[in-house]
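Below, read A as the first sequence line, B as the second, and so on, with proteins coming before strands; counting in each chain starts at 1.
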Amino acid sequence: MRKNLPHYTRFVFFKVIANLKSESSRNYLSYLWWIIEPLLQMVLFYLVFGVLLRRGTENFVVFLMTGLIPWLWFNKSLNHGMNSIQQGKGLMMQVHIPKIIFPSVSIFQNAIKQTVVMLLLLIFLFFAGVSPSFSWLTLPALFATEFLMITCCTFALALVVPFLPDLRVIIPFFLQALMFGSGVFYSLDMISPDKRELFYILNPMANLLANYRAVLLEHRLPNWTAMGIISLVSFCLTAFLCQVAHRLDRVYPRVV
Amino acid sequence: MSSAAPLISVRNVGVRYRVNRNPFRKRYYDALKNISFDLYPGDSLGIVGRNGAGKTTMLRLLSGIIAPDSGYIDFADITTSLLSLQVGFDPELSGRDNAILSGMLLGFPMKTIESNLDTIFAFSELTDFIDKPVKFYSAGMRARLGFSITLGLSPDVLLIDEVLGVGDIDFRKKSMEVMKEKLLSDQTIVLVSHSAATVKELCNRAVWIKNGVSKMEGDAVTVVNAYEQDLLRHAKK
């Protein structure tokens with residue numbers, strides 16, 4: 001009965017599905033919320049920016065959506081995931097469980113929901129007059145890059161928060177700052193090209209969002225080098241964080 | 001029994017918890033100060049002590065949930081499992097899903113659990129509720145399901161934290177019988193309890209922990225009698 005990696009992988013898989021089931025069974029409309037919630041969000045932004053403010057016509061709504069939806073995934077994943085080890089308190093006092101499982105479950109849960117939202121975004125774009133193109137086929141690559149980035153950031157936060165609970169208060173603020181710095185609401189074209197390079201290195205999120213827009217709106221291919229570097233760095237950091245979590249596995253039950 | 005090599009050797013183990021978050025004035029609480037004992041194959045070892053003596057901390061050490069701060073524990077390449085009830089139950093999920101999740105957390109392969117589901121639900125007398133969310137179960141029903149999941153558990157060392165009183169009288173009798181069966185078999189067991197009678201009845205050896213120190217180790221009746229005398233002495237004061 002040795003506990004091992006395949007066993008825990010199956011556990012994470014089963015737990016993610018169970019959590020999604022559990023979450024949706026709490027509401028009357030259950031799974032419909034996966035569609036209704038993002039749809040409402042889209043309608044709201046359409047009304048505010050497309051109808052009320054009439055800012056830069058329909059194009060602005062499309063521009064906003066393509067940045068906002070990937071951003072919200074990142075934002076939600078981090079906000080949910082950073083408390084996950086803390087919330088696993090009851091469980092980790094009863095059985096020995098690798099603590100990295102807690103943020104992993106939270107990350108996969110959000111990723112599955114995001115695939116639905118992404119499909120809705122494509123449908124929205126189609127109806128908003130953006131013609132589908134072959135560049136859309138590279139979207140999974142961007143999705144994977146963002147997934148790795150989310151995993152790395154969520155692991156880091158989830159591992160630190162039990163030791164520094166005060167971070168829970170300050171992190172939403174930093175996330176908001178990051179949102180304003182990533183060009184969700186505006187185009188980064190206003191920054192001169194030579195400085196933009198540096199900016200993209202400092203803020204991979206801005207780079208990622210610009211690539212989402214290039215692929216979805218401008219029918220261009222993503223910047224493979226940039227995406228590759230972000231993925232690789234995220235992956236290495238994630239592997240390192242897994243090691244850290246393993247080392248601290250018997251410490252967390254004492255600090256949470 | 002003491003002729004064989006011990007499965008677990010606990011030597012001068014201490015555990016201290018931080019009790020504040022001020023980084024400049026750290027305060028600690030020593031849950032365990034100096035604990036030593038041996039666990040031999042086939043033993044049913046009782047750990048007795050008053051509330052707050054450090055019994056639960058001791059179980060967490062033995063189950064590998066935490067590591068000691070001082071001293072060491074020597075595990076002879078064995079698996080230990082805490083007989084916990086309702087591990088990770090999600091009230092919104094069905095009994096079936098909870099049984100699978102809980103069983104996996106206890107280390108059972110998914111297939112084993114799925115093939116045992118009928119037995120689990122039959123033993124817990126919940127066959128009609130298998131697909132109902134656990135939130136509709138009574139507390140007793142939940143406890144019965146939890147207990148039944150752990151039944152098939154047979155690690156090298158089974159750790160029990162006073163769970164013998166589960167559910168109503170009938171079910172308690174049934175679970176008691178199963179527990180006794182395990183205790184009489186070769187299964188090595190550590191039972192934590194503050195009830196002297198339980199330990200005397202079910203264990204052959206015992207350790208008495210007082211204020212985080214192992215006061216006495218040996219034959220269950222002898223140790224428990226000493227523990228009871230100590231309790232009486234304190235009661236008189």
Side-chain angles (χ1 to χ4, degrees), chain A residues 1-28 30-31 84-99 101-102 105 109 161-169 246-256, chain B residues 15-19 21 23 29 31 56-57 59-69 77-94 96-98 100-114 133-135 146 150 152-156 159 161:
Chain A
M1 220 186 292
R2 279 259 175 263
K3 297 171 177 180
N4 44 23
L5 190 62
H7 176 77
Y8 283 121
T9 313
R10 270 193 293 275
F11 174 75
V12 169
F13 180 74
F14 194 83
K15 180 74 179 155
V16 167
I17 295 173
N19 278 359
L20 291 171
K21 246 195 253 180
S22 154
E23 202 184 82
S24 55
S25 69
R26 256 166 248 174
N27 306 313
Y28 285 110
S30 73
Y31 292 107
S84 56
I85 292 187
Q86 195 85 33
Q87 285 159 352
K89 183 182 176 165
L91 195 55
M92 70 174 85
M93 292 296 192
Q94 290 183 296
V95 286
H96 172 68
I97 171 173
K99 309 301 173 281
I101 285 182
F102 296 113
V105 168
Q109 219 174 310
V161 160
F163 294 104
L164 281 172
D166 311 49
L167 279 178
R168 269 176 296 180
V169 186
H246 183 68
R247 285 245 169 143
L248 295 175
D249 250 348
R250 284 167 220 281
V251 177
Y252 283 108
R254 293 167 172 230
V255 292
V256 291
Chain B
V15 171
R16 54 177 16 189
Y17 288 107
R18 270 290 286 285
V19 288
R21 286 209 185 264
Y29 167 70
T56 307
T57 306
L59 268 196
R60 284 188 188 143
L61 283 171
L62 291 176
S63 57
I65 291 171
I66 58 171
D69 291 301
D77 192 32
I78 49 160
T79 56
T80 62
S81 250
L82 191 61
L83 180 60
S84 359
L85 300 179
Q86 304 168 45
V87 175
F89 272 16
D90 181 333
E92 298 288 336
L93 293 174
S94 67
R96 179 197 303 272
D97 285 347
N98 271 310
I100 293 174
L101 282 172
S102 195
M104 285 181 93
L105 279 172
L106 293 169
F108 293 108
M110 200 161 160
K111 276 183 193 146
T112 315
I113 311 163
E114 278 174 338
V134 165
K135 67 178 167 187
T150 56
L153 205 63
S154 52
D156 299 324
L159 310 166
D161 193 357

* Pick one of side chain, backbone, both or neither for A:Pro6, based on which atoms fall under 4.5 Å of a heavy atom in chain B. => neither

* Contact origin within A:Val255 toward chain B - heavy atom pairs under 4.5 Å -> backbone

* Asked: B:Ser94: what forms a side chain to side chain contact (heavy atoms under 4.5 Å, CB included) with it, not counting sequence neighbours?
  -> B:Arg96, B:Asp97

* Examine A:Arg254 relative to B:Tyr17 and say whether NZ or CZ is less than 6.0 Å from the centre of the six-membered ring and inside a 45° cone about the ring axis. => yes

* Distance-minimising heavy-atom pair for B:Glu92 and A:Ser25 -> OE1-OG, 3.3 Å

* Identify, with sequence neighbours excluded, every residue that meets side chain to side chain donor-acceptor pair (under 3.5 Å) alongside A:Ser22. => A:Arg26, B:Asp90

* Heavy-atom pair count under 4.5 Å with chain A, highest-scoring of B:Leu59, B:Asn98, B:Asp69, B:Thr112 -> B:Asp69

* To do: Please flag which part of B:Arg18 lies under 4.5 Å from any non-hydrogen atom of chain A: side chain, backbone, both or neither.
  => neither

